[in-house]
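Beneath this line is the structure, given in structure tokens, with notes to follow.
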Amino acid sequence: MAEYYYFAASLPMLRMDKEIPITYSEFMAKAEEQLSKSDFSDLKLAVFNSDDKKAALPIVREWQEFQGNLSKAICRVRAERLGFSGYEKAVDKNLESLARDIVEKNPLDGERAILSLYFDFLSSHETGSPFSSASLMIYALKLQILEKANAFDEAKGRAEFDKLYKVIEGNIKR
């Protein structure tokens, strides 16, 4: 994989607790100009919710595996809380513990906790060269996480909930 010193060095730092400094679309437009066609094709595989379960790139495969395992752990904990049986316990006790913490939170805080775990997972994989195409894939995934995290608007969410609740309430009264 190639090294992209100038491009990587020109990118703003990403932090979960800060506003997003560049959009994913802006990043991808710049990446298309700077990366080789092959590396840019690989970069397009680094997407937040990928349907491609056979990614060839190690970081994308690891990302998909972590995302899937966390999702399964959360589903198991929720099913257990609702009294459903037949779900096997997670092999990874740490992931099971994280899932329990997430399920205990309100939905918005739970979603934020999940996104923070994703962000931390990716940060822990930034061990190689910060100028490599693999690091740029991690950057792309982190941008998508931040975009999702910054899209939460509590007032809009409450308004949508109230609207849906009134519809349900109206259907029940009929």
Side-chain angles (χ1 to χ4, degrees), residues 4 7-32 34-35 40 42-53 55 57-79 81 90 92 94-128 130-165:
Y4 296 98
F7 179 55
S10 71
L11 295 171
M13 186 170 231
L14 301 178
R15 293 191 47 193
M16 194 66 190
D17 60 345
K18 300 286 183 188
E19 286 294 316
I20 188 168
I22 181 175
T23 67
Y24 176 72
S25 297
E26 292 168 338
F27 168 74
M28 290 302 282
K30 289 179 181 182
E32 188 170 20
Q34 300 292 322
L35 275 61
F40 185 70
D42 288 344
L43 183 65
K44 290 191 293 186
L45 296 174
V47 293
F48 186 74
N49 288 319
S50 175
D51 292 333
D52 181 14
K53 298 298 180 199
L57 305 162
I59 185 59
V60 177
R61 277 196 319 266
E62 289 175 37
W63 161 251
Q64 290 171 338
E65 184 178 344
F66 177 75
Q67 211 177 8
N69 288 341
L70 180 60
S71 179
K72 287 175 189 171
I74 292 169
C75 285
R76 271 192 297 274
V77 170
R78 286 182 176 149
R81 285 182 60 163
D92 185 338
N94 185 46
L95 214 50
E96 186 86 17
S97 174
L98 293 170
R100 287 190 188 291
D101 290 343
I102 288 167
V103 171
E104 293 296 322
K105 297 177 185 304
N106 71 51
L108 178 58
D109 290 340
E111 186 66 20
R112 286 182 176 147
I114 291 168
L115 294 175
S116 289
L117 285 172
Y118 289 163
F119 197 89
D120 292 345
F121 172 84
L122 291 168
S123 293
S124 73
H125 283 71
E126 293 177 317
T127 56
F131 308 109
S132 69
S133 54
S135 289
L136 293 174
M137 287 180 205
I138 290 172
Y139 192 91
L141 287 164
K142 284 180 153 185
L143 270 176
Q144 293 169 72
I145 290 167
L146 289 174
E147 279 189 345
K148 186 168 180 157
N150 286 316
F152 296 137
D153 184 327
E154 207 164 335
K156 286 181 184 176
R158 172 52 73 181
E160 184 66 19
F161 173 82
D162 290 343
K163 184 175 109 182
L164 292 171
Y165 187 77

Min side-chain heavy-atom separation V47-Y24 under 4.5 Å: yes
Note: K105-D101 ion pair, threshold 4.0 Å (strictly below): no
Inter-residue atom distance E111.CD - N106.CG, 0.5 Å rounding: 11.0 Å
Value rounded to 0.5 Å, distance of CZ in R15 from CE in M13: 7.5 Å
Nearest-0.5 Å distance, OG of residue S71 to CD1 of residue I114: 8.0 Å
Distance in Å, E147 CD paired with I20 CD1, rounded so as to fall on 0.5 Å steps: 4.5 Å
Backbone of I74 reached by a side-chain donor or acceptor of R100 within 3.5 Å: no
Spacing of Y165 atom OH and E160 atom CD [to the nearest 0.5 Å]: 15.5 Å
Ring centres under 6.0 angstrom apart (Y4, F131): no
Worked check of side-chain contact (heavy atoms from CB on, under 4.5 Å) between L141 and F119: CA-CA 8 Å; L141 287 164; F119 197 89; over 6 Å; no
Heavy-atom side-chain contact between S133 and D42 under 4.5 Å: no
Test item: E96 and D92 side chains (from C-beta on) under 4.5 Å apart, heavy atoms: no
Main-chain N/O of A140 paired with Q144 side-chain donor or acceptor, under 3.5 Å: yes
Derivation of the side-chain contact (heavy atoms from CB on, under 4.5 Å) call for K142 and Y118: CA-CA 8 Å; K142 284 180 153 185; Y118 289 163; over 6 Å; no
Any donor-acceptor pair under 3.5 Å from E126 side chain to S135 backbone: no
Salt bridge flag under 4.0 Å for residues E104 and R81: yes
Working for side-chain contact (heavy atoms from CB on, under 4.5 Å), residues L11 and L136: CA-CA 10 Å; L11 295 171; L136 293 174; 3.7 Å; yes
Worked check of side-chain contact (heavy atoms from CB on, under 4.5 Å) between M16 and R112: CA-CA 10 Å; M16 194 66 190; R112 286 182 176 147; over 6 Å; no
Parallel, tilted or perpendicular, as decided by the 30° and 60° cut-offs, for the rings of F121 and W63: tilted
L43 side chain reached by M28 side chain, heavy atoms, under 4.5 Å: yes
Distance (rounded to the nearest 0.5 Å) between L95 CG and I102 CD1: 8.0 Å
Any donor-acceptor pair under 3.5 Å from E26 side chain to T23 backbone: yes
